Protein chains: 2
Amino acid sequence: MATIYDVAELAKVSPATVSRVFNGTSVSEDKVAAVRDAAAKLNFTPNRTARTLRRQSSEVIALVIPDIENPYFTEMARGVEDVASEAGYSVVLCNSDAQVEKEATYLRIAIAEHMSGIIIATADENSNLDSILATGRPVVAVDRSTTYDIDGVVMANRAAGTSAAKDLLDAGYRRIAYIGGPEHIDTAAERAAGWRAALSAARPELDLDELERFATFRVDGGRAAMEELLALPEPPDAVVAGNNLIGVGAIQVLTERGLTPPQVGVAVIGSLPFTTLSPTAVTVVRLPARHMGVTAARMLLDRIGGDAQPSRTVVLRNEIQPASAVRS
Amino acid sequence: MATIYDVAELAKVSPATVSRVFNGTSVSEDKVAAVRDAAAKLNFTPNRTARTLRRQSSEVIALVIPDIENPYFTEMARGVEDVASEAGYSVVLCNSDAQVEKEATYLRIAIAEHMSGIIIATADENSNLDSILATGRPVVAVDRSTTYDIDGVVMANRAAGTSAAKDLLDAGYRRIAYIGGPEHIDTAAERAAGWRAALSAARPELDLDELERFATFRVDGGRAAMEELLALPEPPDAVVAGNNLIGVGAIQVLTERGLTPPQVGVAVIGSLPFTTLSPTAVTVVRLPARHMGVTAARMLLDRIGGDAQPSRTVVLRNEIQPASAVRS
DNA sequence: ATGAAAGCGCTAACAG
DNA sequence: CTGTTAGCGCTTTCAT
């Protein structure tokens, strides 16, 4: 690999001039031409590692998510990537697998590799951002809020829970259960609170604790919880699924038992990914995942650019798609 | 951030000794202890960038895929990641979006960042690996084969096409169409060839060209092609979908037209992701995506470790899951 | 076993 | 506008 010294020699200028050409500072036209020629001839590419070492920062941002196999997060990743690559940044995707330890490892790498910033959907409430924040690198939280004073982009989770529950109530269901993600994850808790508010207003006689389940944010979590609910002495006649994958699991179980919606009402918070036989009888509260990624990336880039205003949290509106109007 | 000099000073040893401690070369026990103490006290982490610059290689591998939103590829990514992180490597995921230019950019980054190796599912047949191979870095091709003399892991694509078609033939369908990905992508071509072989043997009277469609490897590609096929003077009575997303699109269109399988036979090459209303009437040729990732990662790690045997290509067997036995 | 010292390739003062 | 120079933090001979 050619270095700036090789280029400098061939172009008969100093290494510094070569560096300047590749960094857009003022150099006379003829030298620029000479350098570009030489660089082309030598097939020269600046060594990013050296640049990073020198500059103490690199044009890479880390995106840390808890489940790379969840289309919700990959959709968000697309949003981040589009904005970032537009701005000349590359995005490295890190899968924490919802484990704080793995998350910590990736955060350590982000620091050690001098990445410019981090967008993170935290693994859980124990996620530790202390050391990354101590380095002064900008961090934007997505999807889940944190206890830190940093920028964030979240969904209108409570509203999502309420809309979902209300739609089911309007459709005439009475015992409406809720299956959410892990209780200590704030999105799950908020969505549950929304459901709870709607239900306790409309059906004060219900014992909501009995109808509430916390699972993993995955298909098997949704399946297990749905089975528990159906085993209840008095099973629910409808259910709100706290995320897309839980929704998939719940609908699977229902279908297997011959309880295809709308026999049992279903509302899902988050879009159903890749639906084949379209479950027209399912209400979907769409979450703008891509938009979340776009927004977070813009905020992060602003911060990297030196924006120092007080930290902001953006709440994204969601859009309800009532049962029977469903078309992907 | 503390450096080895800080640690050296505190531990009263030379920087070289500190380096040795962190690289496992022989250092007397007491010094090791002193260094570890000092490092802990200063919260020292070796600067990877500097190490990379010095060593001219980093413990990062790049995984370049054409569609991060396709569960087939994210499943594969999990396989890669698991093996890599086990071995102390991190994986950066790069989404080429099926564009050779984006792919080239990421490949350039991989070189510039001194990454140890690349696993790539090429964007198309024009993908250019020349410069990356010129650096001597190991490259493993996954999913799609290339014209280069490098290691590869692919599915038994032709066999998959044949199995899918045969299963449909056995079920009594006669006019069996095929919807594949872009014609010039070898997986698509191979799967098509498999279908063609099965059909021309069993139904020599059919005009296969009429029943063959090449689309994008995405849901809308499957939808469009399925609609075209249904608009034929003599529409097919069954269809083989060349990948998971095409399958989703085809089934969607069929369902919307009231032609729910098995009214029209469907066989999908690749697993149907996140099925809700289980399409029991659909044949699925399972592709071991995770296994592909695992295998590729192992091969790459071997090469990074210096393995210099002639290049190998591993073909992974797939498993057919006939219609009506489907359970996710 | 340990230390001194020379870079890896680049950038950013500082002169001129 | 341009060249000289001094490192960024680490690893690795080469002596000791």
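This is a predicted model, so every value here is computed, not measured. All heavy atoms count here, side chains included; hydrogens, waters and symmetry mates do not. Reminder, nothing fancy here: chain letters follow the sequence lines and each chain counts from 1.
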(request) Could you tell me whether B:E183 atom CD has more than 12 heavy atoms of other residues or ligands within 6.0 Å of it? (result) no

Whole-Å gap separating [atom2] ([N]) and [atom1] ([X]):
X	N	atom1	atom2	value
A:R54	C:dC10	CZ	P	13 Å
A:R48	C:dT11	CZ	P	11 Å
B:H114	D:dT11	NE2	C1'	14 Å
A:R51	C:dT11	CZ	P	5 Å
B:D6	D:dC10	CG	P	9 Å
B:I4	D:dG9	CD1	P	10 Å
B:E9	C:dG3	CD	P	14 Å
B:K31	C:dA1	NZ	P	12 Å

What contact category does [X] fall into here, base, sugar-phosphate, or nothing, at under 4.0 angstrom with non-hydrogen atoms?
X	answer
B:V13	sugar-phosphate
A:S19	base
A:F22	nothing

(request) Just compare C:dA4, D:dT2, D:dT12 and give me whichever is closest to any side-chain atom of A:R20. (result) D:dT2

(message) Does any part of the side chain of A:N47, heavy atoms only, come nearer than 4.5 Å to the side chain of B:H114, both counted from C-beta?
(response) yes

(message) Is there a side-chain contact between B:V92 and B:M115 in this structure, where contact means two heavy atoms from C-beta onward sitting under 4.5 Å apart?
(response) yes

Check whether any side-chain N or O of [X] sits under 4.0 Å from OP1 or OP2 of [N], and answer yes or no.
X	N	value
A:S14	D:dG3	yes
B:Q56	C:dG9	yes
A:N47	C:dC8	no

(request) Look up atom OG1 in A:T49 and atom CZ in B:R51, then write down how far apart they are to the nearest 0.5 Å. (result) 13.5 Å

(message) Nearest heavy atom decides the nucleotide; on that basis, is B:S28 or B:L53 closer to the 5' end of DNA chain C?
(response) B:S28

(message) Can you work out whether A:A2 or B:T17 has the more 5'-proximal nearest nucleotide on DNA chain C?
(response) B:T17

(message) Looking at B:R144 and B:D124, is there a salt bridge between them, counting it only when a charged N and a carboxylate O are closer than 4.0 Å?
(response) no

(message) I'd like to know if A:Y5 reaches the base of C:dC8 with its side chain, counting only an N/O donor and acceptor under 3.5 Å.
(response) no

